[in-house]
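Scroll down for the structure; my scribbles are underneath it.
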Amino acid sequence: MLTDVVPCHDFRQAKLLRFSFDLRDSLISLKEASVKVLLCPMGSAGDVFPFLGLGERLKQLGCNVTLCTADYFQHYADAMGFDFIRLGK
């Protein structure tokens with residue numbers, strides 16, 4: 001964990017800064033571990049596309065990403081280098 005001290009006059013802002021340091025450290029540690037992530041969005045493109053963005057970032061951090069959704073979205077998963085599991089028929 002990061003232990004940097006950041007001068008701050010607002011307690012809520014200090015908590016937010018502490019959280020952002022913890023989150024940054026957690027994301028950096030993903031590169032060191034072999035993390036498998038399963039994303040299972042259900043719905044239309046508006047529901048699935050945000051998960052593609054999340055998966056892209058997780059993949060950049062070294063995670064093995066699998067997308068489980070309708071087969072309509074398989075070509076997006078393939079293009080982004082995700083494993084794919086078809087959901088439904």
Item to complete: Supply the atom-to-atom distance Leu39 CG to Asp83 CG, rounded to the nearest 0.5 angstrom.
Response: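 If we round to the nearest 0.5 Å, Leu39:CG and Asp83:CG are 11.0 Å apart.
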Worksheet entry | Ile85-Leu87 co-clustered via ILVMFWY side chain contacts under 4.5 Å |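 No: no chain of side-chain contacts under 4.5 Å links Ile85 to Leu87.
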Worksheet item: Is Leu61 reachable from Leu38 through a run of hydrophobic residues whose side-chain heavy atoms are each under 4.5 Å from the next?
Response: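 In one cluster with Leu38: Leu61, no.
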Would you give me the side-chain donor-acceptor pairs under 3.5 Å for residues 62-78, sequence neighbours excluded?
unit_1: Thr69; atom_1: OG1; unit_2: Pro41; atom_2: O; d: 2.8
unit_1: His75; atom_1: ND1; unit_2: Tyr72; atom_2: O; d: 3.1

Worksheet entry | Test side chain to side chain contact (heavy atoms under 4.5 Å, CB included) applied to Met80 - qualifying residues, sequence neighbours left out |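 Leu52, Glu56, Phe82.
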Fill in: Residue list, ring pair (Phe, Tyr, Trp, His ring centres under 6.0 Å) with Phe84, at least two apart or on another chain
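Checked Phe84 against ring pair (Phe, Tyr, Trp, His ring centres under 6.0 Å); zero matches.
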